[in-house]
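Along the sequence shown, residues are numbered consecutively beginning with 1. A quick note: this is a predicted structure, and the numbers were derived from the prediction, not measured. Read the numbers this way: they start at 1 and go in the same order the structure lists the ligands and their atoms. All values below were derived from every heavy atom in this structure, side-chain atoms included, with hydrogens, water molecules and symmetry-related copies excluded.
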Amino acid sequence: MYSQDEYRSLAKKLFIAATHYYRGEDSGLADEQYDRYYRILKDCETQHPDWTVSYSPTQSVGGFLNQSNSLERKSHTRFMGSLDNVFDEEEFAAWASKTQQDFIKTPLVGELKIDGLAVSLIFEDGILIEALTRGDGYEGESVLHAIRTIKNCPLALQEPFTGEVRGEVCFKTKDFQHLVKRQEELGLKVFSNPRNAAAGSLRLLDIQEVSRRPLSFIGYSVIDHPALQSQSHSLSWLKHQGFEVSQYTCFAHSISEAIAFYHEILAKRADLDYGIDGIVFKIDAFEIQSLLGETSRTPRWAIAWKCPADEAITLLRAVELQVGRLGAITPVAHLNPVTIGSVTVSHATLHNFQEIARKNLKIGQYVRVRRAGDVIPEVLGPVLDVSLMSGQVITEITPPTQCPCCNSSLVQEDKSLWCINDRECPEQILQKITYAFSRESFDISGLSIETIRKVLKKYPRVQGPADIYTLSVNEWLDLDGIADLSAYNITTQLTRAIQECTLEKILLFFSIRHCGKVAAERLARALTWDQILQANQEQYLSVQGIGPVTAEALALFFSTKFFQQQYQILLENGLNLIAKIPAYKNDKLNGKHIVITGSFENYSRSHIAQWIVERGGFVSDTVSKKTNYLIMGQKPGSKKDKAIMLNIPIVDGLEELKLFMERFD
Ligand code: IVH
């Protein structure tokens, strides 16, 4: 007979062997031995079904095979934020001296900012049981099957840790070069840079193919480990558990030491193992990190000092005016094609006319162009080199007074010129409808801007996104270049999208001015659709993160006849709003920041976190002045002391937690 502990250790052993085998490595167990252990495991599970652990090899091929045809979306237990950026020494010093001034002088840890994709690895009892991409920070996609192919990523830790390790998935430069060669040889897609290649590879469903792409994982943070008190300690813990961490790190006791590290790395940039887009500096002590806290998306205790992006020099041939979906007029530079960091650039944004004037740009000049990662290339400024300028016809770039598409007078607001003829300007209508069916909103593949352009030309009654629902299958078929199958595909997708629409998507569907993704997400978390429709300006304003400009724009938009008509069409076509996962239960914790610490007998921390998010609250990592409650279980650690110091209400122990849950249920 086997004890539960013996069962668990056997399950771990087999899991690790199976994974090594699956990676094409030596499993460390002879086949015969594996089979014998497997039978024991199975017997234990038959006798004690409640012992069965999720990582037991008897439990399907979970994670080893991805048999579905899409990645599963799952909630993060803690919001996965990003970092604020600084771009030069002055900005960095300002950040560092502010944090040092507000709090005690405290050392910083410097790490490479790896140019890849953030992934959160979830461990249970030291076994990797889940891996999620960042997604929107609240919800990511499960990429466990791909992560398990990564050879430098441990699948089982040295200790039975339950919590998360976050880090970056990337291609090392050498591995990327091999990949490019292989793809070229096989006549397959050649990626333009390691980051895109990593993103594409991680999301592949075909595991055989993922395992041929040598990805790497570099760890940078540990979540929920009670014994870790600092970033430097976390990095050494990660190394000890078998993770690779930043190739270079520094422990800076002064701003000048940090600056010196930045320059030292910049000089080595070309020789690093992987591409970086900056250096991240983090306050070392978690205690001080907690005191500094976070803004809504980024921590105050860390900063990314970005490296200068890749640049090139080329001729500015012409300037085109583009009308955006919200009416902004954006000048776009047409350039002589030039290669920057292995990508050919022929267009770049000029942002707005104030920028053009500030940089003193003219057509016919040679200009410096910058391309950073996935960001749209931008024109930095002219190169006033006489030899380059000779023989060129130089033309001034003057701001337009009328919309290049509908001729209506433009209005200056903020830094941009705007076409405010939003219901009639054909370009705005085209852009708004395209956006409504893009990945950001209804996500209909096959409804490209070209198809929408054809629709608008042929069916003038289409004036807004909802009007797309009035087209019959025959009308789709009557469009040039639309085959039977794609008409069928589009209409079935349209039906699916309207029947499974989230609040956030319906808000984005209408391209309401001043209501972008962040605002839509905030509204969707705080209010129901009925509340959104009926709210007045004040009520929008009461939603955390919604300012007066957005509140006014929302109130105005929902009162228009245009909206009423469009909404009616959606209703007639079966609009059904579904809750986003995690399902929204009520808003009793709306805007409340809650920290969970210690352990509970009947609830896992992720269970409590989910319960909070479902009621509109935010689960934060660190106790700060903004924290509304600390939920505290057994062995709470230093968060308790901080909460007491800052006078934050504490929900102490299981009984109080139950009462708290009843109160907000
Ligand atoms: S710490 C709250 N450390 O940069 C976020 N991030 O722009 C804490 N990144 O989303 C992140 N290297 O994907 C951290 N050494 C490093 C990093 C790093 C790359 C990425 C990460 C993050 C993004 C923020």
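Separation of the Y262 and F281 ring centroids does not fall under the 6.0 Å cut-off. For F161 and H225, the ring centers are positioned less than 6.0 Å apart. Note: F79 and Y138 meet the aromatic proximity criterion, with ring centroids under 6.0 Å apart.
Cation-pi geometry between K268 and Y248 is satisfied (NZ or CZ under 6.0 Å from the ring centre, within 45° of the ring normal). Geometrically, R325 engages Y435 in a cation-pi contact, judged by NZ or CZ lying under 6.0 Å from the ring centre and within 45° of the ring axis.
Contact residues of ligand 1 (protein heavy atom closer than 4.0 angstrom to a ligand atom; sorted by chain and number): G81, S82, L83, E111, L112, K113, I114, A118, E168, Y220, V280, K282, P299.
Counting non-hydrogen atoms of other residues, nucleotides and ligands closer than 6.0 Å to NE2 of H240 gives a total of 12 or fewer.
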